[in-house]
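The next block holds one structure in the form of structure tokens; read it before the comments.
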Amino acid sequence: MSDMQQAATSFWNDTGKTGLTSWIFSTDHKRIGLLYFYTTIGFFLVGVVLGLLLRIELMAPGRTIMGPQTYNALFTVHGVVMIFLFIIPGIPGAFGNMVMPIQIGARDVSFPRLNLLSWWLYIIGAVIILTSLFSGGGAPDTGWTFYVPFSSRTGTNVSLAVFGVFIVGFSSILTGVNFVTTIHRLRAEGMTWFRLPLFTWSLYATAWVQILATPILAITLVLVMAERVLGTGLFDPTRGGDPVMYQHLFWIYSHPAVYIMILPAMGIVSDIIPVFSRKPIFGYKMIAFSSLAIAAAGSLVWGHHMFTSGMSDTAVVVFSFLTFIVAIPSAIKVFNWISTLYKGSISLEAPMLFALSFILLFSIGGLSGLILGAAATDVHVHDTHFVVGHFHYVMFGGTGFAIFAAMHYWLPKFYGRRYREKPAIIAWGLMFTGFNVLYFTMQVLGMRGMPRRYYDYLPEFGPLNLVATVGSWILAAGLILMLVNLFRGLFWGEPFVGNPWGGATLEWSVATPPPTENFEGEPVATHGPYDFSGVKK
Amino acid sequence: MNQLPLISTSDAINPLFLFIYGACLVLLLGITITMIYFVVRYHRSRAPEPTSQVDGNLMLEIIWIVLPSILVLAMFWYGWKEYLVLRTVPPNALSVTATAQMWSWNFSYSDGKTSNKLYVPVGRAVRVELVSKDVIHGFFLPAFRVKRDIVPGMSNYVWFVANKPGSYDVFCSQYCGTQHSAMITTVEALPEDQFATWLARKEAPGAAGKIDGKALAEEKGCLGCHSLDGTPGVGPSFKGIMGRSEVVVTKGTERTMTVDEAYLRRSITEPGADVVKGFQPIMPEFGDLKKEELDALVEFVTSVK
Ligand code: HEM
Ligand SMILES: [Cu+2]
């Protein structure tokens with residue numbers, strides 16, 4: 001990318017520093033964003049390979065390619081990598097860092113060095129997690145939820161893995177603190193709260209969840225380590241402890257964590273749809289406030305993971321009720337996105353295709369969530385492949401597809417080169433098809449009674465499992481095509497100059513790729529984020 | 001006795017599934033069709049410029065807050081009502097205790113009879129007390145839409161009624177380690193009279209009053225971890241075990257020993273004492289076996305060549 005003329009003054013080289021250390025010790029938000037991007041995508045690919053192996057094992061009943069212990073370790077590592085190393089840090093760390101400061105007219109985040117520390121903590125935590133796989137008693141086999149008493153008894157390397165997740169948690173907290181401060185303090189002149197792009201709004205709501213919920217995960221994980229290493233017995237019923245208490249503590253973090261994953265994805269989609277419809281977003285304030293509403297109400301619904309755990313019926317009724325309440329702000333967003341299309345001028349380029357398919361896949365995930373929210377129906381599908389299908393729809397179909405949308409939308413801006421459109425569309429088609437074949441089938445399997453975390457299953461589940469596995473191959477084919485096309489384009493593709501999508505947010509007003517200081521002089525925000533009247537391309 | 005058949009848990013919950021799936025289908029179709037219609041109708045090739053810059057509508061926002069709220073509250077209410085069905089055991093239910101341990105099931109009846117399948121009479125409610133000996137398991141009976149975690153130290157229960165004779169799968173639904181997916185058994189629903197005969201039948205002692213060691217090993221779940229054909233499992237295979245020389249870990253130190261009868265007995269009643277190198281110390285203790293049972297097991301294990 002260095003031979004571009006417009007790149008001569010970009011953050012890639014205008015400080016004159018281009019070596020590895022100029023990256024891994026950089027405090028520039030754009031460079032840190034790219035570091036996060038490449039590391040999170042790297043872990044995503046690791047997770048995908050593990051997921052494909054799981055699917056191959058499940059292709060037919062009985063042993064296919066691995067034994068039960070290996071299978072259990074693989075789904076645990078798949079879950080831990082996808083959740084803690086890919087999807088939680090994914091959007092805030094990568095696109096939040098790259099884009100948000102420019103969107104609000106700032107030169108950088110409030111605490112650039114803390115930002116670098118966040119990335120390093122993430123890397124250190126990740127290395128510890130990876131070490132746990134190949135040392136001690138071997139890869140943990142507890143599932144990503146680390147439920148006691150199993151996790152305090154198993155001989156695998158749970159303590160080290162949990163310690164790694166603990167460190168990664170601090171990275172997330174620091175990002176949250178940084179973003180809240182940045183959005184409060186560093187907005188440019190004229191950038192009022194209601195001129196903030198909705199992506200920034202969503203990061204703001206997310207940051208609060210990161211700050212408030214993550215410490216509870218940290219405490220819970222310390223208690224698991226104490227249980228294993230010191231034998232504290234806090235969760236051991238024979239010694240006055242309570243295993244269900246662990247589940248409460250775990251989900252008090254891990255349910256809000258679902259919103260750390262999905263809110264910024266909703267923000268991405270809210271930024272992309274207006275641009276490709278050339279129309280202001282419908283119900284800006286509704287979308288902004290519903291992010292805050294989701295962040296707040298979402299902190300009170302953790303018990304819906306525990307309807308069958310034996311907690312009291314009173315708790316069941318309260319958590320079921322609150323769960324349905326959180327469904328409402330999500331539904332509002334979907335209706336607002338669709339209304340934005342009305343009487344617009346819609347262009348179905350790759351970012352828009354991914355954003356629109358986000359809406360569909362997220363809706364399927366959300367609607368299947370209604371089955372899980374109603375107490376009586378949840379009992380049947382809880383801990384089955386229905387749930388596995390449900391959360392892949394939300395996290396992969398939702399957040400994952402939003403990340404793909406963001407990659408096609410923003411990365412060309414930071415590279416000054418772009419991918420080819422046609423392969424991007426074909427890749428999208430493959431992924432969308434494969435995705436539904438894979439995960440819809442898994443939901444059907446769960447409805448029929450196939451439990452999750454099952455290495456082997458009764459022969460009657462055979463045909464559908466084969467269908468799901470074939471779906472995973474179609475999905476993988478699309479994924480490979482998408483990544484090859486994207487990165488080939490970013491490094492060697494056609495130049496990407498100016499503002500070809502016609503975006504009205506501030507990141508489209510700066511040079512491509514942006515210079516280190518982002519803006520020449522002090523930017524002033526003169527119009528809302530989706531006012532396209534003055535946009536020149 | 002001319003009693004109406006009990007409403008089974010699945011009959012109570014299936015209409016709720018239909019209601020929620022129906023609503024989901026309508027919503028999903030609505031969303032998808034509207035979206036596709038807009039995308040086609042206002043595609044840039046047909047609509048080169050936007051024909052409206054509308055950015056909100058209070059009336060619409062109110063409608064799509066209020067209508068979905070009513071819908072989800074209905075789901076909540078209906079879901080709660082049917083949940084209470086799952087929690088309310090009809091009177092005169094037959095009580096059975098299910099004991100789960102890694103990775104086997106054992107069901108015991110009030111007269112002391114035990115079985116590794118859950119035999120129940122058709123038409124009568126069954127209340128299953130859920131007891132775990134080690135980690136959390138889950139009792140999942142998909143045919144009746146019933147599931148409950150089995151938490152050590154906690155008294156959970158489920159109930160169901162089988163209105164037709166048949167065999168219904170029971171799965172362990174809460175992940176519990178290596179052989180989690182093998183922790184499967186069945187509910188066997190028998191007509192009332194056949195059930196009574198089954199319950200009354202004492203485990204027919206063999207000719208010389210001996211217990212069948214192999215059947216017992218199956219019932220206690222030994223064979224879930226120890227194979228009979230030499231394939232390594234969660235525990236060492238039984239094949240040719242007698243007289244084998246093993247490296248075991250005793251209180252942290254390794255030593256080599258030859259398997260004899262005393263070693264086998266100790267391994268069953270106090271498995272933690274000597275753990276064969278390369279295996280996890282996870283075997284449950286079977287200290288409550290009767291002497292004859294232990295004898296039968298040891299004899300059976302010795303006989304696997
Ligand atoms: C090609 C991509 C993927 C495939 C083929 C795949 C496949 C699977 C399968 C088969 C399971 C179920 C294992 C079982 O319960 O027996 C699973 C579990 C899981 N997946 Fe994926 N997955 C993929 C992508 C993702 C993504 C993108 C995420 C998150 C962003 C994710 C998060 C999880 C989590 C959290 C679990 C639960 C692990 C546990 O039970 O502890 N997966 N995946
Ligand atoms: Cu179990």
Side-chain angles (χ1 to χ4, degrees), chain A residues 68-69 72 143 147 149-150 153-155 237-238 243-244 278-284 286 308-310 313 316-317 320-321 324 327-328 331-332 334-335 338 341-348 356 359-360 363-364 367 370-371 374-377 379-380 382-383 449 451 453-458, chain B residues 13 16-17 20 24 27-28 31-32 34-35 38-39 42-44 47-53 55-56 61 64-65 68-69 72-73 75-76 78-80 82-83 86-87 135-136 138 140 142 145-149 151-154 156 169 171 173-182 280 282:
Chain A
Q69 188 60 31
N72 296 347
Y147 269 20
F150 184 76
R153 294 169 46 124
T154 175
T238 59
V244 174
R278 300 214 175 130
K279 253 195 77 196
I281 189 96
F282 194 88
Y284 172 94
M286 273 297 171
T308 68
S309 69
D313 294 343
V316 171
V317 72
S320 170
F321 177 77
F324 280 110
I328 299 165
I332 295 176
V334 170
F335 299 141
I338 293 188
L341 302 173
Y342 177 69
K343 292 199 173 172
S345 166
I346 296 164
S347 148
L348 284 182
L356 293 179
I359 300 182
L360 287 184
S363 296
I364 298 179
L367 291 169
L370 298 176
I371 295 277
T377 43
V379 167
H380 176 63
H382 177 72
D383 269 331
R453 296 172 173 172
Y454 258 36
Y455 156 76
D456 192 9
Y457 48 81
L458 296 178
Chain B
I13 294 174
L16 174 59
F17 268 114
I20 303 185
C24 288
L27 283 167
L28 186 64
I31 292 170
T32 314
T34 318
M35 184 160 115
F38 283 172
V39 166
Y42 305 113
H43 190 265
R44 202 158 285 172
E49 289 301 325
T51 45
S52 154
Q53 289 292 316
D55 62 358
E61 299 276 1
W64 67 48
I65 291 175
S69 300
V72 296
L73 287 181
M75 289 177 187
F76 156 71
Y78 199 175
W80 169 242
E82 303 306 347
Y83 178 79
L86 289 175
R87 305 293 300 145
V135 299
I136 305 181
F140 178 27
R145 311 276 186 241
V146 161
K147 178 183 293 119
R148 194 79 173 166
D149 289 3
V151 185
M154 198 163 168
N156 280 349
D169 296 322
F171 300 109
S173 56
Q174 186 61 269
Y175 175 71
C176 59
T178 313
Q179 297 291 344
H180 170 53
S181 63
Q280 300 289 338
I282 52 169

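Reminder, nothing fancy here: chain letters follow the sequence lines and each chain counts from 1.
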Margin query: Between R87(B) and chain A, with a heavy-atom cut-off of 4.5 Å, which part of the residue counts as in contact: side chain, backbone, both or neither?
Written below: side chain
Check: Are any of the side-chain heavy atoms of I13(B) and H380(A) separated by less than 4.5 Å?
Finding: no
Item checked: Side chain / backbone / both / neither for L341(A) at chain B, heavy atoms under 4.5 Å -> both
Margin query: Heavy-atom cut-off 4.5 Å, strictly under: side chain, backbone, both or neither for M154(B) against chain A?
Written below: side chain
Next item on the list: Check whether any side-chain heavy atom of Y83(B) lies under 4.5 Å from a side-chain heavy atom of S320(A), and answer yes or no.
Entry: no
Item checked: Heavy-atom pair count under 4.5 Å with chain A, highest-scoring of I31(B), L16(B), V146(B) -> I31(B)
Check: Hey, what do you get for CZ (F17(B)) to CD1 (I371(A)), rounding to the nearest 0.5 Å?
Finding: 5.5 Å
Item checked: Spatial distance of atom CD (Q69(A)) from atom CD (Q179(B)) [nearest 0.5 Å] -> 9.5 Å
Note to self: Tell me which of these, S52(B), G153(B), P68(B), S69(B), has more heavy-atom pairs under 4.5 Å with chain A than the rest.
What the structure shows: S52(B)
Margin query: For F171(B), which atoms come within 4.5 Å of any heavy atom of chain A: side chain, backbone, both, or neither?
Written below: both
Margin query: Using 0.5 Å steps for rounding, measure from the CG atom of L370(A) to the CD1 atom of I20(B).
Written below: 7.0 Å
Notebook entry, point to check: Using a cut-off of under 4.5 Å for heavy-atom pairs, which of V317(A), L360(A), V316(A) has the most such pairs with chain B?
Noted result: V317(A)
Next item on the list: Answer with side chain, backbone, both or neither: which region of V151(B) has an atom nearer than 4.5 Å to a non-hydrogen atom of chain A?
Entry: side chain
Notebook entry, point to check: Would you say the ring centroid of Y175(B) lies under 6.0 angstrom from that of F150(A)?
Noted result: yes
Note to self: Counting heavy-atom pairs closer than 4.5 Å to chain B, which one of I338(A), T238(A), T154(A) comes out on top?
What the structure shows: I338(A)
Note to self: For the CG atom of L86(B) and the OG1 atom of T308(A), what is their distance to the nearest 0.5 Å?
What the structure shows: 11.0 Å
Checklist line | Pick from P68(A), G283(A), P243(A), S309(A) with the largest number of heavy-atom pairs that fall under 4.5 Å of chain B | finding: S309(A)
Checklist line | Side chain, backbone, both or neither of E61(B) within contact of chain A (heavy atoms, under 4.5 Å) | finding: side chain
Margin query: Taking every non-hydrogen pair under 4.5 Å, which of I364(A), I328(A), V244(A) racks up the most with chain B?
Written below: I328(A)
Margin query: Using every non-hydrogen atom in the two residues, find where P280(A) and Q53(B) come nearest and quote the distance to one decimal.
Written below: CD-OE1, 2.8 Å
Notebook entry, point to check: Relative to chain B, which segment of L356(A) carries a heavy atom at a distance below 4.5 Å: side chain, backbone, both, or neither?
Noted result: both
Next item on the list: Starting at CH2 of W64(B), measure out to CE of M286(A) and round the result to the nearest 0.5 Å.
Entry: 9.5 Å
Check: Taking G155(A), G344(A), A327(A), A331(A) one by one, which has the highest count of heavy-atom pairs under 4.5 Å against chain B?
Finding: G344(A)
Note to self: So for P48(B), is it side chain, backbone, both, or neither that comes closer than 4.5 Å to the heavy atoms of chain A?
What the structure shows: backbone
Check: Of the listed residues (V39(B), T34(B), L73(B)), which shares the most heavy-atom pairs with chain A below a 4.5 Å separation?
Finding: V39(B)
Notebook entry, point to check: Contact part of Y342(A) toward chain B, heavy-atom cut-off under 4.5 Å: side chain, backbone, both or neither?
Noted result: both
Check: Between D55(B) and chain A, which part of the residue has a heavy atom less than 4.5 Å away: side chain, backbone, both or neither?
Finding: both
Checklist line | Shortest non-hydrogen contact from D149(B) toward N156(B) | finding: O-ND2, 2.8 Å
Item checked: Contact winner vs chain B - A374(A), G143(A), G449(A), heavy-atom pairs under 4.5 Å -> G449(A)
Next item on the list: Find the one option among A47(B), S181(B), G79(B), G177(B) whose heavy-atom pairs under 4.5 Å with chain A are most numerous.
Entry: S181(B)
Next item on the list: Go through the steps to decide whether D383(A) and Q174(B) satisfy the test side chain to side chain contact (heavy atoms under 4.5 Å, CB included), and finish with yes or no.
Entry: CA-CA 7 Å; D383(A) 269 331; Q174(B) 186 61 269; 3.4 Å; yes
Notebook entry, point to check: Atom CZ in R453(A), atom SG in C176(B): separation rounded to 0.5 Å?
Noted result: 11.0 Å
